[in-house]
Enquirer: 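One structure, as structure tokens, below. Some questions next.
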Amino acid sequence: MRVELKRKAGEMMSHIPFGYTIQNGRAVVNEEEAVKIEKLFEAYLSGLSLSEAAQKAGIKRYHTSVARMLADKRYVEDKFYPPIISKDTFEKAQLERRKRAEALGRIFEHKGNEKKCMNFRFYASMPDKLYDDLFQQAEYAYSLIRSEVISDGNQECYGNSCP
């Protein structure tokens, strides 16, 4: 597997996407790899899995890397990288990825009426007892903590009883 890095003055190093090389400080399309990118998108859109599409295109990557390649907008539009595939092909691939993810139950979206967080209140009184054993002291201190969850105006108490 090939990993190339680029560095400009004052910038952090980053990965150069498959299909490109850097020449004289500019991104240039690697024609041999660009053909593989186009084949990858075609194979995926024809119904092949990520791994099968990569294998058919001649790209030796794991399926997670292939998924990132299919989602990489730099192949379509970027200020630094010239386009390799058409915007239409890219959008079709994104729709296909979403469709497959939904079919497998991998899209989890909030419906809007769900509670996104719970409010908690914690109370603790000052310890009356002191123990020589630190573990015993900690156990005692934790026993003094009272908490409550507030949801829709109702109070649910946990631990010791709430005030």
Enquirer: Quick one: salt bridge (Lys or Arg N to Asp or Glu O under 4.0 Å) pairs with a partner in residues 85-95, sequence neighbours left out?
Expert: Glu77-Lys87, Asp88-Lys92
Enquirer: How close do Ala101 and Ile107 get, heavy atom to heavy atom, and via which atoms?
Expert: CB-CD1, 3.6 Å
Enquirer: List for me each residue that meets side chain to side chain donor-acceptor pair (under 3.5 Å) alongside Ser46, sequence neighbours excluded, and say none if there are none.
Expert: none
Enquirer: Looking at residues at least two apart in the chain, or sitting in another chain, which of them share a side-chain contact (heavy atoms from CB on, under 4.5 Å) with Lys39?
Expert: Val35, Ala57
Enquirer: What pairs with Lys129 under side-chain contact (heavy atoms from CB on, under 4.5 Å), at least two apart in sequence or on another chain?
Expert: Tyr131, Tyr140
Enquirer: Going by the rule side-chain contact (heavy atoms from CB on, under 4.5 Å), which residues pair with Ser51 if we only count those two or more places apart in sequence or in a different chain?
Expert: Ser49, His63
Enquirer: Got a second to check how far Arg74's CZ is from Ile16's CD1, nearest 0.5 Å?
Expert: 9.5 Å
Enquirer: According to side chain to side chain donor-acceptor pair (under 3.5 Å), who are the partners of Gln94, at least two apart in sequence or on a separate chain?
Expert: Arg97
Enquirer: Once side-chain contact (heavy atoms from CB on, under 4.5 Å) is applied, do any residues pair with Pro82, and if so which ones, sequence neighbours excluded?
Expert: Tyr20, Ala27, Val29
Enquirer: Can you list everything that forms a salt bridge (charged side-chain N to carboxylate O under 4.0 Å, His left out) with Arg98? Sequence neighbours excluded, please.
Expert: Glu102, Glu109
Enquirer: Within the distance-only criterion (no hydrogens, no angle test), does the side chain of Asn30 pair as donor or acceptor with the backbone N or O of Glu33 below 3.5 angstrom?
Expert: yes
Enquirer: Does Lys56 have any salt bridge (charged side-chain N to carboxylate O under 4.0 Å, His left out) partners at least two apart in sequence or in another chain, and if so, which?
Expert: none
